[in-house]
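Quantities reported herein were computed from a predicted structural model and do not represent experimental measurements.
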Amino acid sequence: MKRILPYLLFLFLLGCSKEEKSYEHWSKLASEKYKEIVALTQSVHCTEINDFETVQIGHNYLLLHPSIKGQYGKLMQEYEYLQTQAGKAAGREGILNDIFAPPNPPVRKQCQNGKPTLIFAQNLTLEEARSELSTRLAEIKAFYNDVTCTNANDWSVYGIRTGCCIEAIAIHKTIKTVEFIQKIDLYNRIMEQKMTLEKVGCAGIPPCASSIKSIQCVDGKPVIEMAKL
């Protein structure tokens, strides 16, 4: 009950005015609330990084210590309310607010100057990127080794970067699907960082461009048949 009362007071104060507020108004409040959340997560001194849990807010990632979960939950309730109101205002004002941002999951977490810190693909050096890609590609290729393909309809296709090309890779529709997608999304971001550091440009349609014809089970493994464009 103690946690609920401040939240109810928060809603009451926001709702005192009958006037419908603008998208700019609500999005500004949401942005300020998000900054509060970030400040809270950074307030715990970091000595053991494994004590911190990675949490996702929209397209952003933060590190959360269990000692502040209660405060974090309260601020998140308030933030989600403000985001909802911003969405409603955007609808009233005809504002399109569904810009797609590619997933950018963190590569690892570490304590840095006493602060819990997430390291992303764009923070990696070229040497680090190459090392990460080698390790992660082996993990991805072996990910479904213990899953036998008996029905091709159980499998779908996801895209993994191989330089300027996007290679099709089989993904099971129900078994560890989210985990596999997260691994590939991170691999793709690291590949993009490597290409950026190597100054690799991809212009026009690559010669490897192809379309998917079918997925078949061959010797217990999903095999994707491709057709050149």
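Contact record, Leu186 with Pro106: CD2-O, 3.5 Å, taken as the closest heavy-atom pair. Residue Ser214 comes nearest to Gln216 through the heavy atom pair OG-NE2, 3.6 Å, listed as atom of the first residue, atom of the second, then distance. Here the closest heavy-atom approach between residue Ser22 and residue Ala89 is recorded as C-CB, 3.8 Å.
Within the 4.5 Å cutoff, side-chain heavy atoms of Ser156 are placed close to those of Lys173. Between Leu126 and Glu198, the closest side-chain pair of non-hydrogen atoms falls below 4.5 Å. Contact check for Thr84 versus Trp26: no side-chain heavy atoms found under the 4.5 Å cut-off. Using a 4.5 Å cut-off on side-chain heavy atoms (C-beta onward), Val44 and Pro116 make no contact. Between Leu64 and Lys69, some side-chain heavy-atom pair lies under the 4.5 Å cut-off. At a threshold of 4.5 Å between non-hydrogen side-chain atoms, the residues Arg189 and Phe120 do not count as touching. The side-chain heavy atoms of Glu225 and Ile212, taken from C-beta on, include no pair separated by under 4.5 Å. Side-chain contact check for Asn104 versus Gln122: some heavy-atom pair is nearer than 4.5 Å.
In this structure, the separation between NE2 on His65 and CZ on Phe52 is 5.0 Å, given to the nearest 0.5 Å. Here CG of Leu62 is found 4.5 Å from OG1 of Thr41. Values are rounded to the nearest 0.5 Å. Here CG of Asn151 is found 8.5 Å from NE2 of His172. Values are rounded to the nearest 0.5 Å. Thr54 OG1 to Leu118 CG: the interatomic distance, rounded to the nearest 0.5 Å, is 5.0 Å. Rounded to the nearest 0.5 angstrom, Ile190 CD1 and Met195 CE are separated by 14.0 Å. In this structure, the separation between CG on Leu63 and CD1 on Ile49 is 5.0 Å, given to the nearest 0.5 Å.
Met76 and Val55 fall within a single hydrophobic cluster, where Ile, Leu, Val, Met, Phe, Trp and Tyr are joined by side-chain heavy atoms under 4.5 Å apart, directly or via other members. In terms of hydrophobic clustering, with Ile, Leu, Val, Met, Phe, Trp and Tyr side chains grouped at heavy-atom distances under 4.5 Å, Met226 and Val223 are assigned to different clusters. Using a 4.5 Å cut-off between side-chain heavy atoms of Ile, Leu, Val, Met, Phe, Trp and Tyr, with links allowed through other members, Leu40 and Val38 fall into the same hydrophobic cluster.
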For this session: May I have the step-by-step check of side chain to side chain contact (heavy atoms under 4.5 Å, CB included) for Lys21 and Gln85, ending in yes or no?
Result: CA-CA 9 Å; Lys21 303 295 186 181; Gln85 295 306 311; over 6 Å; no
For this session: Go through the steps to decide whether Phe180 and Ile175 satisfy the test side chain to side chain contact (heavy atoms under 4.5 Å, CB included), and finish with yes or no.
Result: CA-CA 9 Å; Phe180 194 51; Ile175 299 175; over 6 Å; no
Exercise. Between Lys109 and Asn50, is a side chain to side chain contact (heavy atoms under 4.5 Å, CB included) present by the stated rule, with each step listed?
Worked result: CA-CA 8 Å; Lys109 55 186 179 180; Asn50 289 329; 4.2 Å; yes
Problem set entry | Verdict with supporting geometry, Lys221 and Thr148, side chain to side chain contact (heavy atoms under 4.5 Å, CB included) | CA-CA 6 Å; Lys221 299 295 181 184; Thr148 303; over 6 Å; no
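Asp185 and Tyr158 share a donor-acceptor pair across their side chains, judged by distance under 3.5 Å alone. In the model, Gln83 has a side-chain atom that pairs as donor or acceptor with a side-chain atom of Tyr79 under 3.5 Å.
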Using a 3.5 Å cut-off and no angle test, enumerate the donor-acceptor pairs between side-chain atoms of residues 134-141 and protein atoms at least two apart in sequence or in another chain.
| unit_1 | atom_1 | unit_2 | atom_2 | d |
| --- | --- | --- | --- | --- |
| Thr135 | OG1 | Ser131 | O | 3.3 |
| Arg136 | NE | Glu132 | OE1 | 2.7 |
| Arg136 | NH2 | Val107 | O | 3.3 |
| Arg136 | NH2 | Glu132 | OE1 | 3.2 |

Show every donor-acceptor pair shorter than 3.5 Å between a side-chain atom in residues 161-171 and any protein atom, with sequence neighbours excluded, or say none if there are none.
| unit_1 | atom_1 | unit_2 | atom_2 | d |
| --- | --- | --- | --- | --- |
| Arg161 | NE | Glu192 | OE2 | 3.2 |
| Arg161 | NH1 | Gly163 | O | 2.8 |

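Take Lys115 and apply the side-chain contact (heavy atoms from CB on, under 4.5 Å) test, not counting sequence neighbours, and it matches Gln42, Thr117. Under the side chain to side chain donor-acceptor pair (under 3.5 Å) criterion, Gln193 pairs with no residue at all, not counting sequence neighbours. Legend: residues meeting side chain to side chain donor-acceptor pair (under 3.5 Å) with Glu36, ordered by chain and number and at least two apart, are Lys33.
No donor-acceptor distance shorter than 3.5 angstrom exists from the side chain of Glu128 to the backbone of Arg130, with no hydrogens or angles considered.
The local environment of CG in Asp146 is crowded, with over 12 non-hydrogen atoms from other residues, nucleotides or ligands closer than 6.0 Å.
Within the structure, the disulfide (SG to SG under 2.5 Å) test picks out the following pairs touching residues 125-159 (sequence neighbours left out): Cys149-Cys217.
The aromatic rings of Trp155 and Tyr144 sit perpendicular to each other, their planes meeting at more than 60°, with 30° as the lower class boundary.
A salt bridge does not link Lys28 to Glu24: none of the charged side-chain nitrogens sits closer than 4.0 Å to a carboxylate oxygen.
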